[in-house]
Amino acid sequence: MAKEDVISRWLDIAEQDIKVAELTHANGYWLYSAFLCHQALEKTLKAYWTSVHDDDPPFTHSHTRLLNGCNLIAQLSDEQLRFVTLLEPMYIEARYPEQKLDAAKMLNKEASSYILDNTKKMISWIEEQL
């Protein structure tokens, strides 16, 4: 598959994740909205990785690792860094229900709105770098 096709595929899936994050947010499922925001940003970073590397992105859910590997982390503002730190733990592994409970305690409508809005901003910023 051509590099441009792989990038487009990552971005298409990220866009779907954001759309579903909006739906889950609107229906009060804030934990799942945050999880999908995490996934959308991860996939956008993997699209960027594909654009700057000749190898596949690593099998990781760590935004920080992907940002470092793409040499983007130094370009982030302090606000963007704080946001990445907030969003990174929103990757929820299904086999650890206590992890879901801990993350859910941090979320309400306001926090979910913040995460959704800032995820969209981060994705737009990364897409501008492509």
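The chain is numbered in sequence order, starting from 1.
For His38, the ring pair (Phe, Tyr, Trp, His ring centres under 6.0 Å) criterion is met by His63, Tyr91, not counting sequence neighbours. Listed by chain and residue number, Glu79, Gln80 satisfy the side chain to side chain contact (heavy atoms under 4.5 Å, CB included) test with Ser77 (two or more places apart in sequence, or in another chain).
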Next item on the list: Start with the C-alpha gap between Leu87 and Cys37, add the side-chain angles, then the distance that decides, and say whether side chain to side chain contact (heavy atoms under 4.5 Å, CB included) holds.
Entry: CA-CA 8 Å; Leu87 187 60; Cys37 286; 4.2 Å; yes

Margin query: Go through it in stages, so that I can follow the logic: the residues are Leu45 and Leu72, the test is side chain to side chain contact (heavy atoms under 4.5 Å, CB included), and I'd like the CA-CA distance, side-chain angles, deciding distance and then a yes or no.
Written below: CA-CA 10 Å; Leu45 286 166; Leu72 287 174; 4.2 Å; yes

Next item on the list: Quick one: do Ile123 and Leu11 satisfy side chain to side chain contact (heavy atoms under 4.5 Å, CB included)? Show the steps, please.
Entry: CA-CA 9 Å; Ile123 288 172; Leu11 294 175; 5.8 Å; no

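Residue Leu23 is found outside any hydrophobic cluster, as its side-chain heavy atoms come under 4.5 Å of no other Ile, Leu, Val, Met, Phe, Trp or Tyr. Other cluster members for Met1: Val6, Trp10, joined by side-chain heavy-atom distances under 4.5 Å among Ile, Leu, Val, Met, Phe, Trp and Tyr.
Here the straight-line distance linking atom CZ of Arg82 with atom CG of Asn118 works out to 10.5 Å at 0.5 Å rounding. Atoms CG and CE, from Leu36 and Met90 in turn, are 13.0 Å apart once rounded to the nearest 0.5 Å. Separating the CG atom in Asn71 from the OH atom in Tyr48 is a distance of 7.5 Å, to the nearest 0.5 Å. Put simply, CD on Gln129 and OG1 on Thr44 are 12.5 Å apart, with the number rounded to the nearest 0.5 Å.
The closest side-chain heavy-atom distance from Pro58 to Leu66 is below 4.5 Å. Side-chain contact between Phe83 and Leu76: absent, with no pair of heavy atoms (C-beta onward) separated by less than 4.5 Å. Met122 has its side chain within reach of Val84: a pair of non-hydrogen atoms, C-beta onward, lies under 4.5 Å apart. Taking the side chain as every heavy atom from C-beta outward, Ile73 and Leu81 approach each other to under 4.5 Å.
Under a cut-off of 6.0 angstrom, the local environment of OH in Tyr114 is crowded, with over 12 non-hydrogen atoms contributed by other residues, nucleotides or ligands.
Using modelled atom types, one side-chain atom of Thr119 and one backbone atom of Ile115 make a donor-acceptor pair closer than 3.5 Å. Proximity of a side-chain donor or acceptor of Gln39 to a complementary backbone N or O of Phe35 within less than 3.5 Å is not detected. Looking at Asn27, its side chain never comes within 3.5 Å of a backbone N or O of Tyr29 through a donor-acceptor pair. Here the side chain of Ser112 pairs no donor or acceptor atom with the backbone of Lys109 at under 3.5 angstrom.
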Considering only distance and modelled atom types, tabulate donor-acceptor pairs under 3.5 Å from the side chains of residues 13-20, sequence neighbours left out.
from, atom 1, to, atom 2, distance (Å)
Glu15, OE2, Lys19, NZ, 3.4
Asp17, OD2, Lys43, NZ, 2.6

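Sorted by first and then second residue, the pairs that involve residues 47-58 and meet salt bridge (charged side-chain N to carboxylate O under 4.0 Å, His left out), not counting sequence neighbours, are Lys3-Asp54.
When all heavy atoms of Thr60 and Arg65 are compared, the closest pair comes out as CB-NH1, 3.6 Å. When all heavy atoms are compared, the tightest approach of Ala47 to Ile7 is O-CG1, 3.6 Å.
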